[in-house]
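All remarks here apply to the structure that follows.
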Amino acid sequence: MLTTLHIILIILSILVLSFITYSHKNNTFSNGMYLFCIVVWIFIVLIALFPSMTTAFARLFGLGRGLDAIYILAILFLLYLLFKLYNRVEDQTKRINELVTQLALKDNRDDNDK
């Protein structure tokens with residue numbers, strides 16, 4: 001039986017899926033990110049439709065409740081995203097520093113040529 005929460009989750013998932021598809025068509029998302037997001041949101045719809053699936057998944061890993069497995073997966077996923085974002089920020093910082101150094105050297109050369 002679908003509860004109000006399940007219905008809200010399904011509607012939200014459909015809205016997010018349409019937003020992701022729209023963004024992908026406008027070249028906002030790469031193909032890999034688009035595919036990843038589609039899989040995640042379809043997985044969320046499946047969980048909303050078949051909540052007992054999470055309990056079976058949790059028992060595979062020795063956990064008592066399906067919600068515990070979802071929490072653990074969500075935390076691991078968020079930590080992975082945080083790690084990737086941190087690496088990108090560090091990479092951008094290095095690139096900005098290199099660019100600023102090159103611009104400063106160029107400006108210094110231009111000043112010396114005058």
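Values in this document were obtained by computation on a predicted structure and should not be read as measured data.
- I10 and L67 are members of different hydrophobic clusters when ILVMFWY side chains are connected at heavy-atom separations under 4.5 Å.
- For the residue pair H24 and T21, no side-chain donor N or O sits within less than 3.5 Å of a side-chain acceptor on the partner.
- If you chain together hydrophobic residues whose side chains sit under 4.5 Å apart, F43 and L35 never meet in one group.
- The structure places OG1 of T3 at 9.0 Å from CG of L9, a figure rounded to the nearest 0.5 Å.
- A chain of hydrophobic side-chain contacts below 4.5 Å, direct or via other Ile, Leu, Val, Met, Phe, Trp or Tyr residues, connects V40 to I47.
- Under the rule for a side-chain hydrogen bond (donor to acceptor under 3.5 Å, both in side chains), the partners of R65 that lie at least two apart in sequence or sit in another chain are D68.
- Note that CD of Q102 and CG of N97 are 11.5 Å apart. Values are rounded to the nearest 0.5 Å.
- Side-chain rings of Y80 and Y86 stay apart, their centers remaining 6.0 Å or farther from each other.
- Expressed to the nearest 0.5 Å, how far CD1 of I44 lies from CD1 of I70 amounts to 9.0 Å.
- For M53, the CE atom sits in a packed shell: over 12 heavy atoms of surrounding residues, nucleotides or ligands are nearer than 6.0 Å.
- Among all heavy-atom pairs drawn from S13 and V45, the shortest one is CB-CG2, 3.3 Å.
- Rounding to the nearest 0.5 Å gives a distance of 11.5 Å between CD1 of I20 and OG1 of T28.
- Sorted by first and then second residue, the pairs that involve residues 52-76 and meet ring-ring contact (aromatic ring centres under 6.0 Å, His included), not counting sequence neighbours, are F57-F61.
- Note that the OG1 atom of T55 and the CG atom of L60 stand 11.5 Å from one another [nearest 0.5 Å].
- Atom OG1 of residue T101 and atom CD1 of residue I96 lie 11.5 Å apart, to the nearest 0.5 angstrom.
- Linking Ile, Leu, Val, Met, Phe, Trp and Tyr whenever their side-chain heavy atoms come within less than 4.5 Å leaves F19 and I42 in two separate clusters.
- Criterion: ILVMFWY side-chain heavy atoms under 4.5 Å apart, direct or through other members. Under it, I14 and I8 are not part of a common hydrophobic cluster.
- Residues Y34 and S30 are not in side-chain contact: their nearest non-hydrogen atoms beyond the backbone lie 4.5 Å or more apart.
- Here R95 pairs with Q92 under the side-chain hydrogen bond (donor to acceptor under 3.5 Å, both in side chains) rule; sequence neighbours left out.
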